[in-house]
Amino acid sequence: MSLPEVVAHLRALEQEAGRGPGSAKLVAVTKGQDLESIERHVLAHGQFPLGEGRAQELRDKAAERPDWDWHYIGPLQRNKIKYLRPVTLVHAIEVTWQAEAIAEAAEKWGHAPDLLLQLHNGEEQKHGIPVDELADTLKAVRETGLTVRGLMVMAPDFGDDLEQSETESRILRLFTETARRAHDLGLGELSMGMSGDYPLAVRAGATLVRVGRRLFQ
Ligand SMILES: *Cc1c(COP(=O)(O)O)cnc(C)c1O
């Protein structure tokens with residue numbers, strides 16, 4: 001699929017879900033893609049935020065193209081926070097110290113990115129804030145003075161263990177639950193959905209879908 005096809009698909013999915021056109025925005029995930037490929041496959045079709053998942057790669061690309069809109073969607077390590085200077089939105093805050101470190105660096109930068117909190121997906125142990133810690137983490141992160149705009153979640157990889165329909169219903173449930181939690185907390189942005197599951201994410205109310213592979217095939 002090309003980017004215009006993905007965007008047309010998003011518009012159709014929004015309509016099916018009774019949502020306004022453009023309410024589910026594309027974040028073009030560009031990790032592993034060089035600048036020329038990003039220009040050809042993404043920016044030739046319009047302005048889109050670009051999602052990078054590795055801090056050094058982000059630093060190197062953004063140094064070459066400081067005027068592009070960079071998002072950071074990957075995990076955050078303390079010694080890599082300094083590379084986030086060009087970023088306008090950080091999608092995956094998992095613990096309060098990450099926001100504190102960004103706030104501290106932002107003092108030096110003279111500008112700060114907005115944040116999303118990554119919710120644990122209930123299946124894999126590795127990433128995300130457990131549901132019962134979400135409200136406290138939100139409060140603590142807000143004390144840094146940075147703006148929290150919403151939640152992010154990643155569907156688990158169920159592999160081939162489940163029937164397709166069961167996998168889809170579990171992912172839809174996760175996305176719907178995440179949307180409900182964001183709504184309860186008064187948070188407007190929902191970063192959900194990747195190449196394989198963005199239709200479910202749009203149905204559940206995603207405002208930012210992070211699509212990579214599908215744009216570059
Ligand atoms: C790579 C990545 C994506 C995009 O995945 P695709 O399958 O290439 O669409 C989305 N979100 C995160 C956090 C990623 O690391």
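Just so we're clear, the structure is a prediction, and the values are computed from it rather than from any experiment. Each ligand, and each atom within it, is numbered from 1 in the order the structure gives.
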Original post:
In terms of heavy-atom contacts, does CD of Glu104 have more than 12 from other residues, nucleotides or ligands at under 6.0 Å?
Top reply: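 Open.
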
Subject >> Between His71 and His91: side-chain donor-acceptor atoms closer than 3.5 Å >> reply: yes

Original post:
Which option out of Leu215, Asp197, Ile73 puts a heavy atom nearest to atom 13 (C) of ligand 1?
Top reply: Ile73

Subject >> Candidate with minimal heavy-atom separation from atom 2 (C) of ligand 1, of Met194, Arg210, Lys31, Met152 >> reply: Lys31

Subject >> Given Arg210, Lys61, Lys80, the one that forms salt bridge (Lys or Arg N to Asp or Glu O under 4.0 Å) with Glu52 >> reply: Lys61

Subject >> Sub-4.0 Å atoms of ligand 1 with respect to non-hydrogen atoms of Met154 >> reply: 13 (C)

**OP:** Enumerate the atoms of ligand 1 whose separation from the nearest heavy atom of Val211 is less than 4.0 angstrom.
**Re:** 9 (O)

**OP:** Give a yes or no answer on whether the side chain of Thr147 reaches the backbone of Asp114 with a donor-acceptor pair at less than 3.5 Å.
**Re:**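 Here the side-chain-to-backbone pair does not exist.
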
Original post:
Of all the heavy atoms in Arg214, does at least one lie under 4.0 Å from an atom in ligand 1?
Top reply: no

**OP:** Using a strict cut-off of less than 4.0 Å between a Lys/Arg side-chain nitrogen and an Asp/Glu carboxylate oxygen, indicate whether Arg173 and Glu177 qualify as a salt bridge.
**Re:** no

Subject >> Residues that Arg19 engages under salt bridge (charged side-chain N to carboxylate O under 4.0 Å, His left out), provided they are two or more places apart >> reply: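 Per chain and number, Arg19 pairs via salt bridge (charged side-chain N to carboxylate O under 4.0 Å, His left out) with no residue.
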
**OP:** Look only at interatomic distance and state if Val29 has a nitrogen or oxygen under 3.5 Å from any nitrogen or oxygen of ligand 1.
**Re:**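 Between Val29 and ligand 1, no N or O pair is found under 3.5 Å apart.
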
Subject >> Members sharing Val29's hydrophobic cluster (side chains within less than 4.5 Å) >> reply: Ile73

Original post:
Can you tell me the protein heavy atom closest to atom 6 (P) of ligand 1 and the distance?
Top reply: Ser195 OG, 3.5 Å

**OP:** Among all protein heavy atoms, pick out the one at the shortest distance from atom 8 (O) of ligand 1; state its residue, atom name and that distance to 0.1 Å.
**Re:**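 For atom 8 (O) of ligand 1, the nearest protein heavy atom comes out as Arg213 N, 2.8 Å.
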
**OP:** Answer side chain, backbone, both or neither: which part of His91 comes under 4.0 Å from ligand 1, heavy atoms only.
**Re:**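 It is neither part, as no heavy atom is under 4.0 Å.
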
